[in-house]
Visitor: 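Please read through the structure below; I'll follow up with questions.
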Amino acid sequence: MGKVWILMVFVLVGVVGIVEGARKHPSSGRRIHTLFSVECQNYFDWQTVGLMNSYRKAKHPGPITRLLSCTDEEKNKYKGMHLAPTFEVPSMSRHPKTGDWYPAINKPAGVVHWLKHSKEAKNVDWVVILDADMIIRGPIIPWELGAEKGRPVAAYYGYLIGCDNILAKLHTKHPELCDKVGGLLAFHIDDLRVFAPLWLSKTEEVREDTVHWATNITGDIYGKGWISEMYGYSFGAAEVGLRHKINDNLMIYPGYVPREGIEPILLHYGLPFSVGNWSFNKLAHHDDGIVYECNQLFPEPPYPKEVRQLELDPNRRRGLFLSLECINIINEGLLLQHAANGCPKPTWSKYLSFLKSKAYAELTQPKYVNPATLQMMEDIKEEHVDDGAGKPHPKIHTIFSTECTPYFDWQTVGLMHSFRRSGQPGNITRLLSCSDEDLRQYKGHDLAPTHYVPSMSRHPLTGDWYPAINKPAAVLHWLNHVNIDAEFIVILDADMILRGPITPWEFKAARSHPVSTPYDYLIGCDNELAKLHTSHPEACDKVGGVIIMHIDDLRKFAMLWLHKTEEVRADRAHYARNITGDIYESGWISEMYGYSFGAAEVFCFYILTNAY
């Protein structure tokens with residue numbers, strides 16, 4: 001029988017049985033909301049009409065919201081409020097502080113505003129973010145595309161060469177995590193809440209870096225910093241450790257030839273495209289009021305029969321058909337919008353007849369992804385451990401979380417001294433959460449091996465002051481930013497003294513079998529608090545303090561630990577001592593419940609009967 005060598009800790013609790021994903025009712029956790037960002041201009045109005053028509057034809061699930069950024073002057077003159085379900089957003093086209101004219105910043109600013117002020121944002125699980133100049137060909141269902149909490153799916157933007165050069169090194173502490181992605185984005189709402197403010201702030205940062213706007217650095221063909229928002233996205237995601245599942249099949253530009261066997265579900269007409277002698281360039285219609293000009297359409301493209309004669313190669317012909325589909329759906333949308341505007345019935349033409357034909361309806365039926373389309377460019381492959389007998393003891397890494405204050409510095413000195421004397425195997429890392437200002441003044445850099453983490457003491461979205469959230473946030477950051485070769489992670493608090501080794505083999509920890517210590521005062525596991533914050537209250541265990549967990553399990557669990565902490569912290573109606581066991585009734589132990597409730601979502605528990 002082993003002994004527990006840590007002050008104040010006497011009993012260990014076993015945690016076992018990872019469930020493959022949270023077992024929820026099929027209708028729960030599946031609410032999708034689609035967003036796209038526009039401004040009060042004719043240019044965006046005809047794009048909106050096309051996107052909305054495709055949204056309806058594709059039978060894309062869930063509501064869709066247009067984030068409409070307008071100045072007061074623009075809004076007074078604007079005629080298109082009826083074109084789509086709309087959430088109005090203050091315009092940041094002219095930056096309120098710098099005066100810089102950069103309308104693309106309205107996209108991240110609009111998303112942040114929607115998250116903060118929209119009631120709909122409180123009733124959604126997944127968010128799909130598109131651009132206005134897109135055509136949806138079939139349902140975009142995040143979990144079917146492979147999106148997971150902590151792993152958004154995005155389309156590949158290979159031209160973002162700044163991820164590979166000095167630009168990334170200047171604008172993110174983790175250039176190795178910079179993903180060349182954009183266009184189609186499928187997020188879990190919890191991830192989007194954490195990430196969106198960084199998307200906005202990094203956009204501002206890159207936009208201000210005029211020295212590095214050159215094409216050879218950014219890939220921006222105009223060399224004017226126009227794609228700063230795209231880099232803001234990639235650098236912001238790198239900062240918070242979001243690792244994308246990158247897909248180069250789901251979205252295609254009209255004019256490109258799809259890979260054989262691939263069925264794209266999104267067309268992005270951001271570039272000029274042509275079919276024979278016919279061509280289309282969206283920039284040529286920047287001031288086109290075609291939405292409000294009765295029965296005016298974009299020039300009709302060739303008919304399918306002509307394209308079959310034009311191109312004999314089946315895959316190239318398929319690419320041409322995608323181009324036809326794009327412009328035809330926009331024109332069909334314009335016809336429908338003109339009718340809704342009260343325009344007279346248009347004069348018959350061959351083209352109008354085609355747009356109402358059975359053949360056209362069959363060509364534009366909803367498309368569905370196939371296995372080839374879902375193949376990702378790159379996935380993070382976690383190492384798996386052979387659990388066979390007779391192998392050497394696995395590697396261990398010990399971590400603890402602190403902040404840039406003298407209060408944690410003397411605790412760090414004590415814990416580090418005990419670590420060296422205890423014989424604890426493996427390395428130890430202090431996860432140090434500091435604001436930029438605190439870090440500039442900090443003197444304790446050499447007290448322990450350190451991984452630096454952006455402070456979440458002041459929550460970036462809510463403004464809530466809650467330093468304890470830094471623990472799960474720091475663990476998640478460390479997992480996403482460090483190459484970890486250990487198989488087991490031991491998580492301690494700074495105010496602990498090690499008296500001997502804490503090892504997984506001593507306390508029977510294994511993959512899918514974490515071990516922790518009992519915190520009996522977490523009475524919320526037995527009452528309405530657990531019922532409110534986990535779909536598996538029966539799996540809630542009163543644990544914390546010392547945690548021994550396999551790295552694979554920690555990767556699956558860490559994001560939930562953070563999200564559940566935010567959720568419990570926001571539930572002020574249930575701070576009372578008789579509900580939480582918190583003697584201060586201030587929500588201070590929300591992080592502990594975040595751990596237990598997050599674990600309940602992915603683990604099944606049993607209690608070890610051995611007392612040490």
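The analysis underlying the following values was restricted to heavy atoms, covering all of them including side chains, and did not include hydrogens, waters or symmetry mates. Each residue takes its place number in the sequence, starting with 1.
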Visitor: Between the side chain of Arg66 and the main-chain N/O of Pro85, is any donor-acceptor distance below 3.5 Å?
Guide: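 No, Arg66 side chain to Pro85 backbone: no donor-acceptor pair under 3.5 Å.
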Visitor: With a 4.0 Å cut-off on N to O distance, would you call Asp100 and Arg207 a salt bridge?
Guide: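 Salt bridge flag = yes for Arg207 with Asp100.
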Visitor: Would you sort out whether Met52 and Phe36 count as a side-chain contact (heavy atoms from CB on, under 4.5 Å), showing the intermediate values?
Guide: CA-CA 10 Å; Met52 290 303 300; Phe36 67 103; 4.3 Å; yes
Visitor: How close do Lys57 and Pro366 get, counting heavy atoms only, and between which atoms?
Guide: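 Closest pair (atom of Lys57, atom of Pro366, distance): O-CG, 3.3 Å.
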Visitor: Ignoring hydrogens and geometry, is there a side-chain-to-backbone donor-acceptor pair from Ser118 to Leu115 under 3.5 Å?
Guide: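 No: the side chain of Ser118 does not pair with the backbone of Leu115.
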Visitor: A quick test of your reading: do over 12 heavy atoms of other residues, nucleotides or ligands sit less than 6.0 Å from CD of Glu300?
Guide: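 Atom CD in Glu300 is packed in, count exceeds 12.
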Visitor: Strictly below 4.0 Å, N to O, side chains only: are Arg458 and Asp464 in salt-bridge contact?
Guide: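 Salt bridge flag = no for Asp464 with Arg458.
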Visitor: Within 45° of the ring axis of Trp143 and under 6.0 Å from its six-membered ring centre, is that where the NZ or CZ of Arg30 lies?
Guide: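 Verdict for Trp143: a cation-pi partner in Arg30.
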Visitor: Only pairs at least two apart or in different chains count here, so list each ring pair (Phe, Tyr, Trp, His ring centres under 6.0 Å) that has a residue in residues 288-332.
Guide: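 Counting only pairs at least two positions apart or across chains, the ring pair (Phe, Tyr, Trp, His ring centres under 6.0 Å) contacts touching residues 288-332 are Trp46-Phe298, Phe280-Phe298, His285-Phe298, Tyr303-Phe354.
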Visitor: Taking C-beta and beyond as the side chain, do Trp348 and Ser353 meet within less than 4.5 Å on heavy atoms?
Guide: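 Yes; the side chains approach each other to less than 4.5 Å.
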Visitor: Passes side-chain hydrogen bond (donor to acceptor under 3.5 Å, both in side chains), Asp179 versus Tyr233? Steps please.
Guide: CA-CA 9 Å; Asp179 288 330; Tyr233 179 93; over 6 Å; no
Visitor: Taking the six-membered ring for Trp and the single ring otherwise, decide whether the centroids of Trp126 and His33 are under 6.0 Å apart.
Guide: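 Ring centres of His33 and Trp126 not closer than 6.0 Å.
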Visitor: Under 4.0 Å between a side-chain nitrogen and a carboxylate oxygen: does that hold for Arg137 and Glu263?
Guide: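 Result for this pair is yes, salt bridge flagged.
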Visitor: Work out which heavy atom in Ala132 is nearest to a heavy atom in Phe44; give both atom names and the distance.
Guide: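 Shortest heavy-atom separation between Ala132 and Phe44 comes out as CB-CD2, 4.2 Å.
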Visitor: Can you spot which of Val307, Val257, Asp313 makes a side chain to side chain contact (heavy atoms under 4.5 Å, CB included) with Leu320?
Guide: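 The option that passes is Val307.
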Visitor: Do the charged groups of Arg151 and Asp191 touch, with an N to O distance under 4.0 Å?
Guide: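 Result for this pair is no, no salt bridge flagged.
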Visitor: Looking at Pro299, is its backbone amide N or carbonyl O close enough to the side chain of Trp278 to form a donor-acceptor pair, meaning the two atoms are under 3.5 Å apart?
Guide: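 It does hold such a pair.
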Visitor: So, are Arg318 and Glu260 salt-bridged, with charged N and O less than 4.0 Å apart?
Guide: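 Judged by the 4.0 Å cut-off on N to carboxylate O distance, Arg318 and Glu260 do not form a salt bridge.
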Visitor: Could you check Asn249 against Arg259 for side-chain hydrogen bond (donor to acceptor under 3.5 Å, both in side chains), going step by step and ending with a plain yes or no?
Guide: CA-CA 8 Å; Asn249 299 324; Arg259 297 181 181 91; 2.9 Å; yes
Visitor: NE2 of His244 to CG of Leu185: how many Å apart, nearest 0.5 Å?
Guide: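 His244 NE2 to Leu185 CG: 6.5 Å, rounded to 0.5 Å.
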Visitor: Minimum heavy-atom separation for Met251 and Gly183, please, with both atom names.
Guide: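 Residues Met251 and Gly183, closest heavy atoms: SD-CA, 4.2 Å.
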Visitor: Is a side-chain donor or acceptor of Asp125 paired with a backbone partner of His188 at a separation under 3.5 angstrom?
Guide: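 Pair absent, no side-chain N/O of Asp125 close to backbone of His188.
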Visitor: Using the rule given for side-chain contact (heavy atoms from CB on, under 4.5 Å), can you reason through Ile252 versus His268, listing the C-alpha separation, both sets of side-chain angles and the distance that settles it, and then say yes or no?
Guide: CA-CA 6 Å; Ile252 192 169; His268 186 190; over 6 Å; no
Visitor: Please determine whether a side-chain nitrogen of the Lys or Arg among Lys245 and Glu148 lies less than 4.0 Å from a carboxylate oxygen of the Asp or Glu.
Guide: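 Answer for the salt bridge query: yes.
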Visitor: Could you tell me whether the side chain of Tyr43 reaches within less than 4.5 Å of the side chain of Asp288, counting heavy atoms only?
Guide: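 No, every pair of side-chain atoms sits at 4.5 Å or beyond.
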Visitor: Side chains of Val124 and Glu120: does their closest heavy-atom pair fall under 4.5 Å?
Guide: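 Result no, sub-4.5 Å side-chain heavy-atom pair not found.
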Visitor: Measure across Tyr159 and Met230 and return the closest heavy-atom pair with its distance rounded to 0.1 Å.
Guide: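 Smallest interatomic distance, heavy atoms only, reads OH-SD, 3.2 Å.
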Visitor: Can you name the one residue among Lys202, Glu239, Glu205 that meets side-chain hydrogen bond (donor to acceptor under 3.5 Å, both in side chains) with Thr172?
Guide: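 Among the candidates, only Glu239 passes.
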Visitor: So, Gln47 versus Tyr269: side-chain donor-acceptor pair below 3.5 Å or not?
Guide: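 Not at all, the side chains of Gln47 and Tyr269 share no donor-acceptor pair under 3.5 Å.
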Visitor: Could you pull out the closest heavy-atom pair between Met92 and Ala109, with the gap in Å?
Guide: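 Shortest heavy-atom separation between Met92 and Ala109 comes out as SD-CB, 3.6 Å.
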Visitor: Quick check: are there more than 12 heavy atoms from other residues, nucleotides or ligands sitting under 6.0 Å from NZ of Lys122?
Guide: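 Yes, NZ of Lys122 has more than 12 neighbouring heavy atoms, counting only those of other groups under 6.0 Å.
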Visitor: Which distance, rounded to the nearest 0.5 Å, do you find between the NZ of Lys282 and the NE2 of His286?
Guide: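 Here the interatomic distance stands at 8.5 Å.
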Visitor: What about Tyr102 and Trp226, are their ring centers closer than 6.0 Å?
Guide: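 Ring centres of Trp226 and Tyr102 closer than 6.0 Å.
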Visitor: Using a strict 4.0 Å threshold on nitrogen-to-oxygen distance, state whether Arg193 and Glu566 make a salt bridge.
Guide: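 Judged by the 4.0 Å cut-off on N to carboxylate O distance, Arg193 and Glu566 do not form a salt bridge.
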Visitor: Starting from the C-alpha separation in whole Å, work towards a yes-or-no answer on side-chain hydrogen bond (donor to acceptor under 3.5 Å, both in side chains) for Asn106 and Ser93.
Guide: CA-CA 6 Å; Asn106 285 311; Ser93 296; 2.8 Å; yes
Visitor: At what distance, to the nearest 0.5 angstrom, does CG of Asp190 lie from CG of Leu560?
Guide: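 With rounding to 0.5 Å, CG (Asp190) is 8.0 Å from CG (Leu560).
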Visitor: Would Thr34 and His60 count as a side-chain hydrogen bond (donor to acceptor under 3.5 Å, both in side chains) if you check the C-alpha gap in whole Å, the side-chain angles of each, and the deciding distance to 0.1 Å?
Guide: CA-CA 9 Å; Thr34 300; His60 178 62; 2.6 Å; yes
Visitor: Do the side chain of Ser234 and the main chain of Cys178 share a donor and acceptor less than 3.5 angstrom apart?
Guide: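 Judged by distance alone, no pair lies under 3.5 Å.
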Visitor: How far does CD1 of Ile136 sit from OH of Tyr55, to the nearest 0.5 angstrom?
Guide: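 Reported to 0.5 Å precision, the distance equals 8.0 Å.
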Visitor: Please report the closest heavy-atom contact between Lys107 and Ser37, naming both atoms and the distance.
Guide: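 Smallest heavy-atom distance, with atoms named: CA-OG, 3.6 Å.
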Visitor: Is it true that, when you exclude Asn277 itself, more than 12 heavy atoms of the residues, nucleotides or ligands shown sit nearer than 6.0 Å to its CG?
Guide: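 Check fails, neighbour count at 12 or below.
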Visitor: For Glu362, look at atom CD and say whether over 12 heavy atoms of other residues, nucleotides or ligands are found less than 6.0 Å away.
Guide: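 For Glu362, atom CD is crowded (more than 12 foreign heavy atoms under 6.0 Å).
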Visitor: Treating His117 as the side-chain partner and His113 as the backbone partner, does any N or O pair qualify as donor plus acceptor under 3.5 Å?
Guide: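 No.
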Visitor: So, taking the atom named CG in Leu167 and the one named CD1 in Ile161, what distance separates them when rounded to the nearest 0.5 Å?
Guide: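 Atom-to-atom, Leu167:CG and Ile161:CD1 are 9.0 Å apart.
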Visitor: Looking only at atom types and distance, does a side-chain atom of Ser274 sit under 3.5 Å from a main-chain N or O of Gly276, one as donor and one as acceptor?
Guide: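 No.
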